[in-house]
Structures are given as structure tokens and as C-alpha cells.
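Some notes on the structure that comes next.
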Amino acid sequence: MLQGRSAVVTGSTSGIGLGIARSLAREGSHILLNGFGDSAEIGRLRGAMVEEFGVQVLYSPADMSKPAQISAMVQLAAREWGSVDILVNNAGIQHVAPVPDFPEDKWDQIIAINMSSVFHASKAAIPLMRAKGWGRIVNIASAHGLVASPFKSAYVTAKHGVLGFTKVLALETAKENITCNAICPGYVLTPLVDKQVDDQAKVHGIPRDRVISEVILKSQPSGRFVGVDELGALTVFLCSDAGKSITGASLSVDGGWTAA
Ligand code: NAD
């Protein structure tokens with residue numbers, strides 16, 4: 001379905017980003033992987049995608065808190081493939097603390113990585129998409145882009161900002177065969193959430209399985225985690241021809257969380 005396309009997926013060495021990158025590669029898109037991690041493990045992930053899906057896979061270690069590195073990452077993909085057809089802004093981090101105790105450097109880092117990087121990467125990619133007359137931007141926001149939880153001030157602020165930016169960019173590109181949408185997942189069991197399970201287990205003094213059912217999934221009416229493959233399938237749909245009139249949307253994949 002995406003044969004010959006090229007996709008940049010930020011924060012794709014792990015979790016949701018990796019799952020989305022693999023879903024796009026399965027449909028034939030070349031992939032630029034980005035994110036941190038052990039270089040041997042990243043090499044293994046790249047090799048596995050090349051072998052399994054027969055696409056080209058590049059890697060950029062660009063830090064999503066550094067605008068110059070973000071633009072260089074997009075240019076790397078453009079040099080290799082002539083354009084960037086698909087941009088998935090997914091990189092994100094979390095920090096949990098009440099506002100009076102929230103460290104300033106964590107606030108700045110979360111705003112930079114989870115929100116401002118979406119602007120910087122899109123700014124670099126839009127001229128390439130315009131030149132080609134086709135483009136798809138998918139921003140991985142969160143249920144926390146629509147509703148709040150205590151102790152996640154920077155994260156909730158950044159994700160609400162991503163939804164605002166998504167709407168603006170959708171309007172600016174509406175006539176150009178370029179779409180820009182946000183996916184708002186509920187809880188997905190990735191390393192980011194796994195760490196929260198451990199932290200909450202310590203705070204509440206209860207075992208991990210009780211943290212998952214009584215704390216983490218309490219707000220998710222389905223009572224189960226969202227699968228990474230579900231987010232990959234939705235991203236592929238948004239990038240397909242059938243998705244061409246969906247733009248400026250915030251698509252919840254949260255087991256009913258934000259319906260409550
Ligand atoms: P994860 O920790 O498994 O993966 C995060 C990825 O981002 C990794 O590849 C990491 O190396 C990369 N990354 C972190 N800081 C970076 C930086 N400065 N520059 C470049 N890459 C960086 O997390 P995840 O759960 O897969 O989260 C991915 C996205 O999905 C995030 O934006 C997160 O907010 C969002 N999200 C996650 C959940 C969930 O329940 N897991 C729910 C809603 C939204």
C-alpha cells in the first residue's frame with residue numbers, strides 16, 4: 001500500500017514508534033529510525049526490518065530537544081530518498097511530580113521533546129511534501145492531549161499543544177494533498193509505562209499486577225492495554241489513499257477513556 005514511500009518516525013527505537021515503523025515498513029515504505037539506545041540493538045532492529053520487509057532502513061541519533069539536529073535528520077532522509085512522504089512525530093518522555101516539586105529542567109525537556117519537536121520536524125518536512133504534492137503527518141499525542149491527570153503537568157501541557165498545532169498545520173495544508181492528524185492513545189504497555197508501573201508500585205506499596213488493574217488501567221474502561229499494532233494499523237490507514245480527507249483530527253484509541 002505504501003510501496004516506494006519514505007517515512008521518518010521519531011522515537012522509533014522502542015515502544016509505539018518502533019511498532020509504527022514496522023507497520024509502515026510492512027506496507028513497503030522506507031524508514032528512517034530515530035531514538036536512543038544500545039547501538040548493537042538498534043543495528044539488530046534495522047537488520048530485522050530490512051530482512052523481513054525488503055525496505056531501506058536508515059538510522060539517525062538526532063536528539064528531539066535540539067532543533068538543528070531535527071532538521072538535519074529530515075534532510076538526511078530527503079538526501080537518501082528525494083523527499084519525506086510520511087512524518088510520524090512520536091518521540092516522548094514522561095516525568096511525574098506535583099507542580100511545586102516539578103523540576104524546571106524536566107519541564108523544559110518535556111516541552112521540547114514532546115511538543116516543540118513536532119513543530120521543528122514538520123517545518124523541515126513541509127517544503128519537501130509541497131514539492132512532491134503529497135504528504136502525511138501523524139502526531140502521536142495521548143489521551144492526555146484531551147484530558148488531564150494530576151502530577152503530569154508538563155506532559156499534559158505538551159500533548160494539548162500538539163493537538164492545537166495539528167489543527168493549524170491541517171488548515172495550512174488542506175488544499176495540498178497533505179494531511180496532518182493526531183492519534184491519542186490510552187495506556188500502551190511500553191518501556192515508558194512499564195517504568196510508571198514500577199514507580200507506582202513503590203509509592204502505593206502494592207504489587208505490579210494490582211498497580212496495573214487498580215491504578216494504571218482504572219481510567220481505561222476496556223480494562224486492557226492498547227496494542228502497539230493497533231496504532232500501527234491506524235497510522236497505515238491515515239497514510240493510505242482512503243485517509244486523504246481526514247485532516248486536523250484527533251483520533252482516540254483509548255478503550256473508552258475519554259468517553260467517560
Ligand atoms: P518509549 O519510552 O517506549 O519510547 C520512546 C522513544 O522516544 C524511544 O525510542 C526513545 O529513545 C525516544 N526518545 C526519547 N527521548 C528522545 C529524544 N530526546 N530524542 C529522540 N528520541 C527520543 O515510549 P512510548 O510509550 O513508546 O511512547 C511513544 C510516544 O507515545 C510518546 O510521545 C508518548 O507520550 C506517547 N504515548 C504513549 C502512551 C503509552 O501508554 N505508552 C500513551 C499515550 C501516548
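Computed from heavy atoms alone, side chains included, the values below leave out hydrogens, waters and symmetry copies. We count ligands from 1, going down the list as the structure has it; atoms in each ligand are counted the same way.
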Counting only pairs under 3.5 Å, give me each side-chain donor-acceptor contact of residues 98-112, with atom names and distances, residues two or more places apart or in other chains.
none

Open item on the list: Can you tell me how far apart CG (Leu146) and OG (Ser252) are? Round to the nearest 0.5 Å.
Closed with: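 So the CG of Leu146 and the OG of Ser252 are separated by 5.0 Å.
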- [ ] Flag the pair Arg136 and Asp85 as a salt bridge only when some basic side-chain nitrogen lies within less than 4.0 angstrom of an acidic carboxylate oxygen.
- [x]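 Salt bridge: no.
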Open item on the list: With a sphere of 6.0 Å drawn around NZ of Lys167, does it hold more than 12 non-hydrogen atoms of other residues, nucleotides or ligands?
Closed with: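 No - once you tally the heavy atoms of other residues, nucleotides and ligands closer than 6.0 Å, there are 12 at most.
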Task: Summary of salt bridge (charged side-chain N to carboxylate O under 4.0 Å, His left out) pairs that have at least one residue in residues 54-80, sequence neighbours excluded - done: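 Counting only pairs at least two positions apart or across chains, the salt bridge (charged side-chain N to carboxylate O under 4.0 Å, His left out) contacts touching residues 54-80 are Asp63-Lys66.
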Task: Those protein residues which place at least one heavy atom below 4.0 Å from ligand 1 - done: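 Ligand 1 pocket, heavy atoms under 4.0 Å: Gly11, Ser12, Thr13, Ser14, Gly15, Ile16, Asn34, Gly35, Phe36, Ala62, Asp63, Met64, Asn90, Ala91, Gly92, Ile93, Ile113, Ile140, Ala141, Ser142, Tyr155, Lys159, Pro185, Gly186, Tyr187, Val188, Thr190, Pro191, Leu192, Val193.
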Open item on the list: List the residues meeting ring pair (Phe, Tyr, Trp, His ring centres under 6.0 Å) with Trp81, not counting sequence neighbours, and say none if there are none.
Closed with: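 Only His30 meet the ring pair (Phe, Tyr, Trp, His ring centres under 6.0 Å) criterion with Trp81.
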